[in-house]
*Asks:* 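Here it is: the structure, laid out below.
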Amino acid sequence: MKNFKIFSVFVSLIVFSCISSDKSGHISTEIPSESLENFGIAIHGGAGTILKNQLSDSLELAYKSKLEEAIRQGHLLLKEGRSALEAVTATINILEDSPLFNAGKGAVFTNRGTNELDASIMDGATLNAGAVAGLTHVKNPINLAHKVMTQSEHVFLFGAGAEAFAATQDIEMVSTDYFYTKNRYNALLNMQTKETTKSALENKSPFFDPYIRASKFGTVGCVALDKNGNLAAGTSTGGMTNKRFDRIGDAPIIGAGTYANNATCAVSSTGWGEYFIRGVVAYDISALMEYKGLTVKEASELVIQEKILKLGGDGGVIAIDRHGNVSMSFNTPGMYRAHMDKEGQLEVAIYK
Ligand code: ASP
(Lines give C-alpha, C1' and ligand atoms only; values in the text may rest on other atoms or scores of the structure.)
Protein backbone atom coordinates (compact mmCIF):
# COMPACT_ATOMS: atom_id res chain seq x y z
CA MET A 1 0.00 0.00 0.00
CA LYS A 2 2.83 2.34 1.02
CA ASN A 3 4.62 1.50 -2.21
CA PHE A 4 1.47 2.24 -4.20
CA LYS A 5 1.17 5.69 -2.59
CA ILE A 6 4.77 6.55 -3.40
CA PHE A 7 4.16 5.35 -6.96
CA SER A 8 1.04 7.57 -7.40
CA VAL A 9 2.87 10.64 -6.07
CA PHE A 10 5.67 9.93 -8.53
CA VAL A 11 3.23 9.58 -11.46
CA SER A 12 1.40 12.80 -10.50
CA LEU A 13 4.70 14.67 -10.40
CA ILE A 14 5.59 13.49 -13.88
CA VAL A 15 2.13 14.38 -15.25
CA PHE A 16 2.26 17.76 -13.54
CA SER A 17 5.64 18.57 -14.99
CA CYS A 18 4.41 17.72 -18.51
CA ILE A 19 1.05 19.51 -18.30
CA SER A 20 2.04 22.86 -16.91
CA SER A 21 0.41 26.22 -17.39
CA ASP A 22 2.26 29.16 -18.91
CA LYS A 23 2.22 32.80 -17.66
CA SER A 24 -1.21 33.48 -19.23
CA GLY A 25 -2.64 30.43 -17.51
CA HIS A 26 -2.81 28.52 -20.78
CA ILE A 27 -2.37 24.80 -20.25
CA SER A 28 0.46 23.41 -22.33
CA THR A 29 1.04 19.72 -22.89
CA GLU A 30 4.27 20.37 -24.74
CA ILE A 31 7.17 18.15 -23.75
CA PRO A 32 10.12 20.32 -22.70
CA SER A 33 12.56 20.47 -25.62
CA GLU A 34 15.42 18.95 -23.54
CA SER A 35 13.51 15.70 -23.21
CA LEU A 36 12.88 15.50 -26.97
CA GLU A 37 16.50 14.40 -27.31
CA ASN A 38 16.65 16.03 -30.68
CA PHE A 39 19.93 15.82 -32.52
CA GLY A 40 21.33 16.04 -36.03
CA ILE A 41 24.44 16.41 -38.11
CA ALA A 42 25.49 17.79 -41.50
CA ILE A 43 28.79 17.73 -43.36
CA HIS A 44 30.35 19.20 -46.49
CA GLY A 45 33.33 18.13 -48.51
CA GLY A 46 33.78 21.36 -50.44
CA ALA A 47 31.90 23.37 -53.04
CA GLY A 48 32.90 24.33 -56.56
CA THR A 49 32.53 23.52 -60.22
CA ILE A 50 31.60 19.93 -59.60
CA LEU A 51 29.71 18.74 -62.67
CA LYS A 52 28.19 15.34 -63.31
CA ASN A 53 30.11 14.97 -66.56
CA GLN A 54 33.41 15.60 -64.76
CA LEU A 55 33.04 12.83 -62.21
CA SER A 56 33.25 9.19 -63.26
CA ASP A 57 30.63 6.90 -61.73
CA SER A 58 33.26 5.23 -59.60
CA LEU A 59 34.62 8.52 -58.29
CA GLU A 60 31.12 9.75 -57.54
CA LEU A 61 30.49 6.55 -55.62
CA ALA A 62 33.78 6.94 -53.74
CA TYR A 63 32.87 10.48 -52.65
CA LYS A 64 29.37 9.48 -51.62
CA SER A 65 30.47 6.47 -49.63
CA LYS A 66 33.17 8.43 -47.77
CA LEU A 67 30.64 11.14 -46.93
CA GLU A 68 28.25 8.46 -45.71
CA GLU A 69 30.92 6.72 -43.63
CA ALA A 70 31.88 10.02 -41.99
CA ILE A 71 28.37 11.20 -41.21
CA ARG A 72 27.28 7.80 -39.88
CA GLN A 73 30.18 7.92 -37.43
CA GLY A 74 29.17 11.37 -36.16
CA HIS A 75 25.52 10.36 -36.00
CA LEU A 76 26.35 7.25 -33.98
CA LEU A 77 28.23 9.32 -31.41
CA LEU A 78 25.35 11.77 -31.11
CA LYS A 79 22.88 8.91 -30.78
CA GLU A 80 24.97 7.49 -27.92
CA GLY A 81 24.66 10.84 -26.18
CA ARG A 82 28.18 12.11 -26.91
CA SER A 83 28.79 15.81 -27.42
CA ALA A 84 28.44 17.78 -30.64
CA LEU A 85 32.16 18.64 -30.37
CA GLU A 86 33.12 14.95 -30.27
CA ALA A 87 30.88 14.22 -33.24
CA VAL A 88 32.37 17.11 -35.22
CA THR A 89 36.01 16.09 -34.62
CA ALA A 90 35.43 12.36 -35.23
CA THR A 91 33.51 13.04 -38.44
CA ILE A 92 36.08 15.49 -39.77
CA ASN A 93 38.91 13.04 -38.93
CA ILE A 94 37.43 10.53 -41.38
CA LEU A 95 37.32 13.13 -44.14
CA GLU A 96 40.82 14.40 -43.26
CA ASP A 97 42.20 10.86 -43.57
CA SER A 98 40.75 10.44 -47.05
CA PRO A 99 42.77 11.62 -50.08
CA LEU A 100 39.49 12.60 -51.77
CA PHE A 101 39.10 15.84 -49.83
CA ASN A 102 41.25 18.92 -49.58
CA ALA A 103 42.00 18.52 -45.89
CA GLY A 104 44.52 16.37 -44.02
CA LYS A 105 45.77 13.63 -46.36
CA GLY A 106 44.31 15.17 -49.52
CA ALA A 107 45.45 18.75 -48.90
CA VAL A 108 46.26 20.84 -51.98
CA PHE A 109 49.74 22.15 -52.74
CA THR A 110 50.98 25.66 -52.25
CA ASN A 111 52.88 27.58 -54.91
CA ARG A 112 56.18 26.38 -53.42
CA GLY A 113 55.07 22.76 -53.49
CA THR A 114 54.28 22.35 -49.80
CA ASN A 115 51.03 21.50 -48.00
CA GLU A 116 49.87 24.01 -45.41
CA LEU A 117 46.79 23.11 -43.45
CA ASP A 118 44.22 25.20 -41.59
CA ALA A 119 41.33 24.28 -39.28
CA SER A 120 38.98 25.69 -36.68
CA ILE A 121 36.33 24.52 -34.25
CA MET A 122 33.74 26.27 -32.11
CA ASP A 123 31.60 25.24 -29.15
CA GLY A 124 28.13 26.80 -29.29
CA ALA A 125 27.53 26.23 -25.57
CA THR A 126 30.42 28.39 -24.35
CA LEU A 127 31.43 30.34 -27.47
CA ASN A 128 34.90 28.88 -26.95
CA ALA A 129 36.87 28.40 -30.12
CA GLY A 130 40.19 27.07 -31.38
CA ALA A 131 41.96 27.62 -34.70
CA VAL A 132 45.23 26.70 -36.40
CA ALA A 133 46.82 27.69 -39.69
CA GLY A 134 49.90 26.96 -41.76
CA LEU A 135 50.46 23.45 -40.34
CA THR A 136 52.85 21.17 -42.20
CA HIS A 137 53.14 18.11 -39.92
CA VAL A 138 49.82 17.68 -38.12
CA LYS A 139 47.88 14.70 -39.46
CA ASN A 140 44.48 15.92 -38.26
CA PRO A 141 44.42 19.70 -37.95
CA ILE A 142 40.91 19.73 -36.44
CA ASN A 143 42.27 17.84 -33.41
CA LEU A 144 44.88 20.52 -32.84
CA ALA A 145 42.26 23.26 -33.20
CA HIS A 146 40.28 21.42 -30.51
CA LYS A 147 43.37 21.31 -28.24
CA VAL A 148 43.93 25.04 -28.77
CA MET A 149 40.36 25.59 -27.60
CA THR A 150 40.51 23.29 -24.60
CA GLN A 151 44.16 23.21 -23.52
CA SER A 152 45.47 26.70 -24.22
CA GLU A 153 44.51 30.21 -23.28
CA HIS A 154 44.51 31.21 -26.93
CA VAL A 155 42.14 30.95 -29.85
CA PHE A 156 44.37 31.02 -32.94
CA LEU A 157 47.88 29.58 -33.39
CA PHE A 158 49.96 29.68 -36.55
CA GLY A 159 52.75 27.65 -38.22
CA ALA A 160 55.81 26.58 -36.26
CA GLY A 161 54.35 27.93 -33.02
CA ALA A 162 51.18 25.92 -33.49
CA GLU A 163 53.27 22.81 -34.13
CA ALA A 164 55.40 23.46 -31.03
CA PHE A 165 52.14 23.56 -29.07
CA ALA A 166 51.05 20.32 -30.82
CA ALA A 167 54.22 18.65 -29.53
CA THR A 168 53.07 19.33 -25.96
CA GLN A 169 49.73 17.66 -26.64
CA ASP A 170 48.60 14.21 -27.66
CA ILE A 171 48.60 15.07 -31.36
CA GLU A 172 49.73 12.79 -34.19
CA MET A 173 52.54 14.33 -36.25
CA VAL A 174 53.58 13.07 -39.69
CA SER A 175 56.38 13.82 -42.13
CA THR A 176 55.56 16.24 -44.93
CA ASP A 177 55.56 13.33 -47.44
CA TYR A 178 52.36 12.05 -45.86
CA PHE A 179 50.42 14.83 -47.59
CA TYR A 180 51.71 14.03 -51.08
CA THR A 181 49.00 12.82 -53.44
CA LYS A 182 49.57 12.57 -57.16
CA ASN A 183 46.26 14.21 -58.10
CA ARG A 184 46.84 17.26 -55.96
CA TYR A 185 50.41 17.63 -57.19
CA ASN A 186 49.27 17.43 -60.81
CA ALA A 187 46.61 20.07 -60.06
CA LEU A 188 49.40 22.39 -58.90
CA LEU A 189 51.49 21.71 -62.01
CA ASN A 190 48.45 22.33 -64.23
CA MET A 191 47.68 25.57 -62.54
CA GLN A 192 51.27 26.75 -62.73
CA THR A 193 51.46 25.88 -66.43
CA LYS A 194 48.30 27.91 -67.10
CA GLU A 195 49.76 30.78 -65.14
CA THR A 196 52.81 31.01 -67.37
CA THR A 197 50.86 30.72 -70.58
CA LYS A 198 48.42 33.48 -69.61
CA SER A 199 50.02 36.72 -68.67
CA ALA A 200 50.37 36.79 -64.90
CA LEU A 201 50.75 40.54 -65.31
CA GLU A 202 47.04 40.80 -66.09
CA ASN A 203 46.38 39.84 -62.51
CA LYS A 204 45.26 42.76 -60.44
CA SER A 205 46.36 41.33 -57.12
CA PRO A 206 48.73 38.59 -56.07
CA PHE A 207 45.75 36.49 -55.02
CA PHE A 208 43.79 36.88 -58.20
CA ASP A 209 43.81 33.64 -60.08
CA PRO A 210 41.44 33.23 -63.00
CA TYR A 211 41.65 29.45 -62.67
CA ILE A 212 40.50 29.24 -59.10
CA ARG A 213 36.94 29.60 -60.28
CA ALA A 214 37.28 26.46 -62.29
CA SER A 215 38.91 24.36 -59.61
CA LYS A 216 37.14 22.04 -57.23
CA PHE A 217 37.86 23.10 -53.70
CA GLY A 218 37.20 20.21 -51.32
CA THR A 219 37.51 21.67 -47.84
CA VAL A 220 35.63 19.65 -45.22
CA GLY A 221 33.28 20.76 -42.48
CA CYS A 222 30.79 19.45 -39.98
CA VAL A 223 28.01 20.96 -37.86
CA ALA A 224 26.16 19.09 -35.15
CA LEU A 225 23.43 19.38 -32.54
CA ASP A 226 23.70 16.97 -29.61
CA LYS A 227 21.05 15.58 -27.27
CA ASN A 228 21.86 18.23 -24.67
CA GLY A 229 20.95 20.99 -27.12
CA ASN A 230 24.58 21.97 -27.72
CA LEU A 231 25.77 23.03 -31.15
CA ALA A 232 29.30 22.76 -32.57
CA ALA A 233 30.97 23.50 -35.89
CA GLY A 234 34.35 22.61 -37.39
CA THR A 235 36.17 23.18 -40.68
CA SER A 236 39.46 21.75 -42.00
CA THR A 237 41.29 22.53 -45.24
CA GLY A 238 44.47 22.62 -47.26
CA GLY A 239 43.34 26.01 -48.57
CA MET A 240 43.66 26.76 -52.26
CA THR A 241 45.93 25.18 -54.85
CA ASN A 242 48.94 27.36 -55.69
CA LYS A 243 48.40 29.67 -52.70
CA ARG A 244 51.29 32.05 -52.09
CA PHE A 245 52.81 34.23 -49.40
CA ASP A 246 51.47 32.11 -46.50
CA ARG A 247 47.96 32.95 -47.63
CA ILE A 248 45.30 31.95 -45.10
CA GLY A 249 41.68 31.50 -46.13
CA ASP A 250 38.43 31.61 -44.20
CA ALA A 251 38.45 28.05 -42.86
CA PRO A 252 40.47 28.78 -39.70
CA ILE A 253 38.85 32.16 -39.13
CA ILE A 254 36.15 32.14 -36.47
CA GLY A 255 33.15 34.00 -37.82
CA ALA A 256 34.11 33.46 -41.46
CA GLY A 257 34.70 29.73 -41.93
CA THR A 258 33.30 28.46 -38.65
CA TYR A 259 30.83 29.69 -36.05
CA ALA A 260 28.58 28.13 -33.40
CA ASN A 261 26.23 29.62 -30.85
CA ASN A 262 23.60 27.60 -28.98
CA ALA A 263 21.23 30.56 -29.26
CA THR A 264 21.25 30.41 -33.06
CA CYS A 265 23.11 27.88 -35.16
CA ALA A 266 26.39 26.19 -36.09
CA VAL A 267 27.94 26.96 -39.50
CA SER A 268 30.85 25.66 -41.58
CA SER A 269 31.79 27.37 -44.85
CA THR A 270 33.54 26.32 -48.01
CA GLY A 271 34.45 28.28 -51.10
CA TRP A 272 36.57 31.18 -52.18
CA GLY A 273 37.98 32.12 -48.79
CA GLU A 274 38.79 35.76 -49.50
CA TYR A 275 35.10 36.48 -50.07
CA PHE A 276 34.00 34.47 -47.07
CA ILE A 277 36.37 36.46 -44.86
CA ARG A 278 35.11 39.78 -46.26
CA GLY A 279 31.50 38.63 -45.88
CA VAL A 280 32.10 37.29 -42.33
CA VAL A 281 29.84 34.53 -43.60
CA ALA A 282 29.41 32.14 -40.67
CA TYR A 283 28.83 34.85 -38.10
CA ASP A 284 26.59 36.80 -40.46
CA ILE A 285 24.23 33.82 -40.71
CA SER A 286 24.11 33.56 -36.92
CA ALA A 287 23.62 37.33 -36.52
CA LEU A 288 20.74 37.38 -39.01
CA MET A 289 19.04 34.75 -36.88
CA GLU A 290 19.86 36.43 -33.59
CA TYR A 291 19.04 40.04 -34.46
CA LYS A 292 16.58 39.72 -37.32
CA GLY A 293 14.79 36.51 -36.41
CA LEU A 294 15.52 34.81 -39.74
CA THR A 295 15.37 31.01 -39.91
CA VAL A 296 18.61 29.12 -40.53
CA LYS A 297 17.50 28.53 -44.11
CA GLU A 298 16.57 32.16 -44.79
CA ALA A 299 19.80 33.43 -43.24
CA SER A 300 22.04 30.99 -45.17
CA GLU A 301 20.29 31.68 -48.46
CA LEU A 302 20.55 35.43 -48.01
CA VAL A 303 24.26 35.32 -47.27
CA ILE A 304 25.27 32.75 -49.91
CA GLN A 305 22.85 33.47 -52.76
CA GLU A 306 22.81 37.26 -52.44
CA LYS A 307 25.58 38.79 -50.37
CA ILE A 308 28.51 36.56 -51.40
CA LEU A 309 27.34 36.33 -54.99
CA LYS A 310 27.13 40.13 -55.19
CA LEU A 311 30.68 40.44 -53.87
CA GLY A 312 31.77 38.04 -56.62
CA GLY A 313 32.56 35.03 -54.46
CA ASP A 314 31.44 31.46 -54.73
CA GLY A 315 30.95 28.58 -52.35
CA GLY A 316 28.50 27.35 -49.78
CA VAL A 317 27.72 26.56 -46.17
CA ILE A 318 26.18 23.88 -44.03
CA ALA A 319 24.27 25.10 -41.00
CA ILE A 320 22.15 23.53 -38.26
CA ASP A 321 19.99 25.35 -35.74
CA ARG A 322 19.17 24.46 -32.16
CA HIS A 323 16.04 22.60 -33.27
CA GLY A 324 17.95 20.45 -35.72
CA ASN A 325 16.83 22.31 -38.87
CA VAL A 326 19.54 22.09 -41.51
CA SER A 327 20.44 24.34 -44.42
CA MET A 328 22.96 23.40 -47.10
CA SER A 329 23.14 26.43 -49.38
CA PHE A 330 25.68 26.93 -52.19
CA ASN A 331 26.00 29.13 -55.26
CA THR A 332 28.33 26.81 -57.19
CA PRO A 333 27.26 23.94 -59.49
CA GLY A 334 27.93 21.47 -56.69
CA MET A 335 28.82 20.88 -53.07
CA TYR A 336 29.73 17.51 -51.57
CA ARG A 337 27.31 17.26 -48.69
CA ALA A 338 25.32 15.02 -46.38
CA HIS A 339 22.76 15.36 -43.63
CA MET A 340 21.37 12.91 -41.09
CA ASP A 341 18.54 13.65 -38.69
CA LYS A 342 17.72 12.04 -35.37
CA GLU A 343 15.62 9.35 -37.04
CA GLY A 344 18.66 8.35 -39.05
CA GLN A 345 17.25 9.68 -42.33
CA LEU A 346 20.29 10.15 -44.57
CA GLU A 347 20.71 12.53 -47.48
CA VAL A 348 23.95 12.47 -49.49
CA ALA A 349 24.29 14.73 -52.52
CA ILE A 350 26.83 16.39 -54.77
CA TYR A 351 25.15 18.40 -57.54
CA LYS A 352 22.60 21.17 -57.39
N1 ASP B 1 37.58 28.17 -48.15
C2 ASP B 1 38.82 27.51 -48.39
C3 ASP B 1 39.91 28.54 -48.51
O4 ASP B 1 39.70 29.58 -49.06
C5 ASP B 1 38.81 26.69 -49.63
C6 ASP B 1 37.63 25.79 -49.75
O7 ASP B 1 36.65 25.92 -49.06
O8 ASP B 1 37.68 24.88 -50.54
O9 ASP B 1 41.01 28.28 -48.08
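When a ligand or atom number is given, it counts from 1 through the structure's own listing order.
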*Asks:* Regarding Arg112 and Asp246, does a basic nitrogen lie under 4.0 Å from an acidic carboxylate oxygen?
*Replies:* yes
*Asks:* Which atoms of ligand 1 are found less than 4.0 Å from any heavy atom of Gly218?
*Replies:*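 Near Gly218, the atoms of ligand 1 are 8 (O).
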*Asks:* When only distance counts, is Thr270 in polar contact with ligand 1, meaning an N/O pair under 3.5 Å?
*Replies:* yes
*Asks:* Using distance alone, determine whether Ala251 and ligand 1 share an N or O pair under 3.5 Å.
*Replies:*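 Looking only at distances, the answer is no, because the N/O contact criterion of under 3.5 Å is not met.
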*Asks:* Look at Lys297 together with Asp321 and state whether they make a salt bridge at an N to O cut-off of under 4.0 Å.
*Replies:* no
*Asks:* Within the structure, is a non-hydrogen atom of Gly271 found at a distance of less than 4.0 Å from ligand 1?
*Replies:*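 Yes, Gly271 has heavy atoms under 4.0 Å from ligand 1.
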*Asks:* For the pair Asp123 and Asn230, evaluate side chain to side chain donor-acceptor pair (under 3.5 Å) and give the outcome as yes or no after the intermediate values.
*Replies:* CA-CA 8 Å; Asp123 177 4; Asn230 291 323; 5.9 Å; no
*Asks:* Counting both backbone and side chain atoms, is some N or O of Trp272 under 3.5 Å from an N or O of ligand 1?
*Replies:*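 In fact, backbone or side chain, Trp272 has no N or O that close.
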*Asks:* Among Lys243, Arg247, Glu274, which residue places a heavy atom closest to atom 4 (O) of ligand 1?
*Replies:* Arg247
*Asks:* Can you name the residues that form a ring pair (Phe, Tyr, Trp, His ring centres under 6.0 Å) with Tyr283, not counting sequence neighbours?
*Replies:* Tyr259
*Asks:* As a test of understanding, state which of Thr258, Thr235, Thr237, Asp250 forms a side chain to side chain donor-acceptor pair (under 3.5 Å) with Ser120.
*Replies:*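 Of Thr258, Thr235, Thr237, Asp250, side chain to side chain donor-acceptor pair (under 3.5 Å) with Ser120 is met by Thr258 alone.
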*Asks:* Counting each atom of ligand 1 from 1 as listed, which ones have a heavy atom of Thr219 under 4.0 Å away?
*Replies:*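 Atoms satisfying the 4.0 Å criterion: 2 (C), 5 (C), 6 (C), 7 (O), 8 (O).
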*Asks:* For residues Glu116 and Lys243, report the shortest heavy-atom separation together with the two atoms involved.
*Replies:*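 Smallest interatomic distance, heavy atoms only, reads O-NZ, 2.7 Å.
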*Asks:* If the condition is ring pair (Phe, Tyr, Trp, His ring centres under 6.0 Å), which residues does His75 pass it with, not counting sequence neighbours?
*Replies:*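 Once residues adjacent in sequence are excluded, the partners of His75 under the ring pair (Phe, Tyr, Trp, His ring centres under 6.0 Å) criterion are Phe39.
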*Asks:* Would you mind listing which atoms of ligand 1 come within a distance below 4.0 Å of any non-hydrogen atom of Gly239?
*Replies:* 5 (C), 9 (O)
*Asks:* With a 4.0 Å cut-off on heavy atoms, is Gly46 touching ligand 1?
*Replies:* no
*Asks:* Any nitrogen or oxygen of Asp250, main chain or side chain, under 3.5 Å from a nitrogen or oxygen of ligand 1?
*Replies:*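 Such a contact does occur with ligand 1.
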